[in-house]
Amino acid sequence: MAREDNGGYDPSAIEEKWQRLWEERGINTFTLDELRDAEDPFYNLMMFPYPSAEGLHVGNIYAFTGADVHGRYQRLRGKDVFEPMGFDAFGIHSENFALKIGTHPMDLIPSNVKNFTRQLRRIGGMFDWNHAVDTTDPSYYKWTQWIFLQLFEAGLAERKEAPVNWCPSCMTVLANEQVIGGECERCGTPVEQRRIAQWFFKITDYAQRLLDNLDHIDWSETTLKAQRNWIGRSTGAQLHFPVVDEDGRDTGRAIEVYTTRPDTVFGATYMVLSPEHPMVEEVTDDALRAPVYAYIDTAGKKDLVARQKVHKTKTGVPTGGHCRNPATGERIPIWIADYVLMEYGTGAIMAVPGHDERDFEFAREFDLPNRRVVAGPDEDADTPLQEAYVGPGRLVNSGPFDGMDTSESVEAVTAWAAENGWGEMKVNYRLHDWCISRQRYWGPPIPVVHCEVCGPVAVPEEDLPVVLPRVEDFKPDDTGISPLARVESWYRTECPGCGREARRETDVSDTFLDSSWYFLRYPSTDFDDRPLDAEITRKWLPVDTYIGGNEHAVLHLLYSRFITMALKDLGHLDFEEPYDVFRAHGLIIREGAKMSKSRGNVIVPDPIIEEYGADTFRTYLMFLGPFDEGGDYRAQGIQGPFGFLHRLWDTVTSAREGEPDADVERKVHETIRQVTEQIPQLSYNTAIAALMECLNVIRAGGRTAFRAEVEPLVVMVAPFAPHLAEELWERMGNEGSIFDGARWPEYDASKATRESVEMAVQVNGKLRATISVAKDASEDEVVAIARTEENVARHLDGKEERRVVHVPGRLVNFVVG
RNA sequence: GCCGGGGUGGUGAAAUCGGUAAACACAGGGGACUUAAAAUCCCCCGGGCUUCACGCCCUUGCGGGUUCGAGUCCCGCCCCCGGCACCA
């Protein structure tokens with residue numbers, strides 16, 4: 001239960017009042033002219049939410065408040081802060097929810113958006129509602145489709161076959177997250193993989209640039225690391241292994257392999273092809289076709305998740321075919337195994353069981369030869385291999401390279417292979433092309449028409465948007481293709497190229513495409529004839545600060561970087577990195593665990609805001625832990641900020657005129673220094689603690705404050721508790737909004753200096769006394785005072801003094817023997 | 001397995017160019033004011049020993065090390081959280 005209100009501070013009344021005034025007076029919104037004329041633009045971006053039926057959760061509010069605090073701080077520093085908000089409302093999430101409750105996403109989303117908007121206003125964010133976006137609005141996805149066309153025309157979109165998860169019982173395509181332990185989330189049937197033609201964006205063409213630019217952008221270190229790992233650059237060699245017949249003669253064909261350890265080629269005792277490898281048929285003996293095809297069939301049916309399970313026992317079949325190891329000249333067998341992935345490298349490997357754990361395991365399973373070619377310390381060429389040795393050492397059993405250290409062998413062997421024409425240096429990335437096709441309903445239709453004569457043809461720009469039709473039966477069904485493929489009246493069309501009857505693409509695009517460019521759209525929502533206005537975009541982009549969850553460290557943040565780069569290359573933008581600064585925030589947990597419905601530890605924000613007010617809730621969320629780490633939510637904890645804001649109210653509303661007290665003024669200036677330093681670092685919890693401490697000093701002993709003492713406090717608390725600050729600002733006799741009228745207080749060092757400082761006195765590193773000395777006291781003076789302390793003298797008595805350590809302003813340490 | 005981030009009082013947490021560990025706050029205890037309650041203000045609040053008091057010892061996951069001095073740096077472990085995971 002909230003404490004009784006003690007006279008004046010009535011959060012619900014003043015919050016209602018200021019939310020109304022902000023809107024009536026357009027305090028947080030920009031007109032087109034204001035966007036054009038802004039003198040000191042600051043684009044403060046946060047990750048737009050998916051508008052669920054449950055409404056805003058605490059995690060959303062935490063993230064938005066943290067970002068809003070930053071925006072409001074910048075505004076008080078005099079910036080023109082643009083802080084837009086929108087809704088990422090397409091996608092499988094909404095679609096599944098609509099299916100579950102038996103409604104249509106086109107009915108569901110508007111009511112969810114309405115509810116979210118209400119809640120977002122209620123928490124007091126500085127959102128510019130004049131520039132909101134909704135990804136499901138045709139006026140938005142028209143331009144999402146336009147982006148597809150830009151990439152398509154630039155050759156950055158291509159259609160190719162790729163595996164999808166397929167539930168044979170539901171007869172439908174499943175997203176990876178719908179596959180739980182290899183089974184369909186809905187019916188429990190084991191999931192298979194199927195291959196269908198899908199659209200891909202060639203993000204891999206940009207892999208190196210996406211990696212290189214990470215060195216120049218100011219992002220959270222953890223996010224940078226995640227992106228580097230995801231791009232996964234590795235250097236090695238591509239080697240050619242000639243295919244030979246039963247007599248060892250070259251067939252004129254070769255298998256290409258990629259390896260990061262070309263120096264272990266002398267230990268390659270067999271080859272492995274991925275089951276999808278195009279040369280499987282060619283190398284398989286007639287006698288072995290039946291088991292080989294049976295194996296490929298089984299591997300193909302395994303779903304994509306199960307296929308990637310580590311530590312399962314290795315499976316595979318021999319093809320009967322052979323290669324020649326180009327380093328040793330040996331004839332080695334070719335196998336097929338699903339531990340080799342077609343998506344990485346060349347889809348084929350040279351197996352070196354002595355020095356690769358997976359190959360070792362496979363060789364043991366199938367009794368294949370194993371040879372040591374690297375000797376570690378205390379090992380030699382004949383030391384038996386109990387397990388794969390992957391450490392450093394020197395080459396052995398490696399012909400001309402025997403004795404060479406592994407620190408130089410990769411380079412040396414690659415050079416040798418190149419000289420002899422069977423290999424070259426090669427860089428590889430783990431990053432795959434971005435599959436944007438979804439065999440679903442709730443997304444923007446991919447703007448392509450398939451014509452029997454012309455092939456896939458882009459929908460002309462003037463025909464955009466390709467509007468998603470309202471289809472009552474949007475459930476994926478046993479046709480196995482997109483629900484739109486059942487709507488003949490929609491997909492039957494004319495080829496834009498030749499005019500013949502043609503068929504629209506019936507897949508929709510990935511939600512990540514919607515969100516890959518929303519920040520580009522916000523400042524240009526005043527224009528419906530272009531996706532982005534050049535002048536406005538030049539003024540406002542790139543984004544100054546982007547704050548969001550690290551769960552999007554790779555996908556969203558990488559895709560939006562890629563789209564930005566591509567649009568730059570196509571002449572639509574003059575920058576290639578979308579966000580100057582990105583900061584990842586932490587996660588709110590409860591009772592040490594992530595909040596989830598199944599745990600029953602979810603916090604419903606509305607009743608808390610109802611009871612304590614948005615200002616208290618915001619301040620508490622920012623106080624409960626460091627913003628970049630998150631924290632543990634405890635219902636009791638809100639009492640701290642609640643009492644603090646109440647006391648601040650009482651103190652300010654009863655403040656008198658007059659000269660401030662010097663000690664109090666010093667504390668105020670120390671606080672200004674600290675808060676001004678900590679807010680930009682997102683150290684909100686300690687900034688709030690400093691404000692509390694300052695108020696405690698101002699109020700000590702029930703003292704009545706002077707106005708000049710509390711005024712800076714009102715401004716500094718405004719980012720956290722904007723409504724309260726507005727009201728107090730007005731009551732102090734100011735006109736208009738504090739965010740327009742106030743300036744962030746300036747730290748004045750002369751007002752913050754102390755005449756004396758507290759210093760610690762140690763003997764052999766143990767604290768024996770604290771002394772108060774003049775700020776500018778010399779070392780001799782300080783040491784002399786320290787000696788006079790009784791407890792210090794006692795510990796020095798009878799001991800030989802070896803050294804005195806003096807750290808000015810901090811401590812004195814007597815080292816005695 | 002790999003890559004991040006952590007481990008500090010009853011609780012959320014402060015303090016990392018090495019320099020008085022536990023700021024701020026919650027919970028708890030005591031007091032002032034009050035007919036009473038609320039609100040407000042003051043005091044106590046890591047463990048142990050001792051004491052009128054002063055004081056002493058121990059304490060930042062564990063074990064070593066460097067240093068006048070280590071929560072902070074180095075070496076070796078343990079545990080928790082998040083992400084990736086047969087990437088050759």
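Every chain is numbered from 1 and lettered A, B, ... according to where its sequence line falls, protein lines coming before strand lines. In this text the structure is predicted, and so the values were computed from the model without any measurement. All heavy atoms count here, side chains included; hydrogens, waters and symmetry mates do not.
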When all nucleic acid strands are considered with a 4.0 Å heavy-atom cut-off, which category describes [X]: base, sugar-phosphate, or nothing?
| X | answer |
| --- | --- |
| A/N229 | sugar-phosphate |
| A/R703 | nothing |
| A/P626 | sugar-phosphate |
| A/F814 | nothing |
| A/E221 | nothing |
| A/T259 | sugar-phosphate |
| A/I349 | base |

Hunt down the Watson-Crick or G-U wobble partner of [N], both distances under 3.5 Å, from any strand shown, or write none.
| N | value |
| --- | --- |
| B/U66 | none |
| B/A25 | B/U11 |
| B/C49 | B/G55 |
| B/G1 | B/C84 |
| B/C77 | B/G61 |
| B/A36 | none |

| task | Nearest whole angstrom, please: distance from the P of B/C81 to the CD1 of A/I588. | result | 18 Å
| query | Whole Å only: how far is the CG atom of A/L811 from the P atom of B/A70? | reply | 12 Å
[N] OP1/OP2 closer than 4.0 Å to side-chain N/O of [X]:
| X | N | answer |
| --- | --- | --- |
| A/R802 | B/G69 | no |
| A/K766 | B/A21 | no |
| A/N813 | B/U67 | no |
| A/N791 | B/C56 | yes |

Mind checking the [atom1] distance from [N] to [M]? Whole angstroms is fine.
| N | M | atom1 | result |
| --- | --- | --- | --- |
| B/A70 | B/U16 | C1' | 11 Å |
| B/G6 | B/C73 | P | 11 Å |
| B/G46 | B/G10 | P | 9 Å |
| B/G65 | B/G18 | C1' | 15 Å |
| B/U72 | B/C62 | P | 11 Å |
| B/G19 | B/G69 | P | 14 Å |
| B/A22 | B/G28 | P | 24 Å |
| B/A13 | B/U8 | P | 9 Å |

| query | Looking at A/F266, does the NZ or CZ of A/R371 lie under 6.0 angstrom from its six-membered ring centre and within 45 degrees of the ring axis? | reply | no
Salt-bridged, [X] to [Y], with N to O below 4.0 Å?
| X | Y | result |
| --- | --- | --- |
| A/D663 | A/R666 | yes |
| A/K667 | A/E693 | yes |
| A/K314 | A/E361 | yes |

| query | Taking A/R656 for the side chain and A/T704 for the main chain, is one N or O donor matched with an acceptor at less than 3.5 Å? | reply | yes
| Would you call the rings of A/Y344 and A/Y258 parallel, tilted or perpendicular, where under 30° means parallel and over 60° means perpendicular? | perpendicular
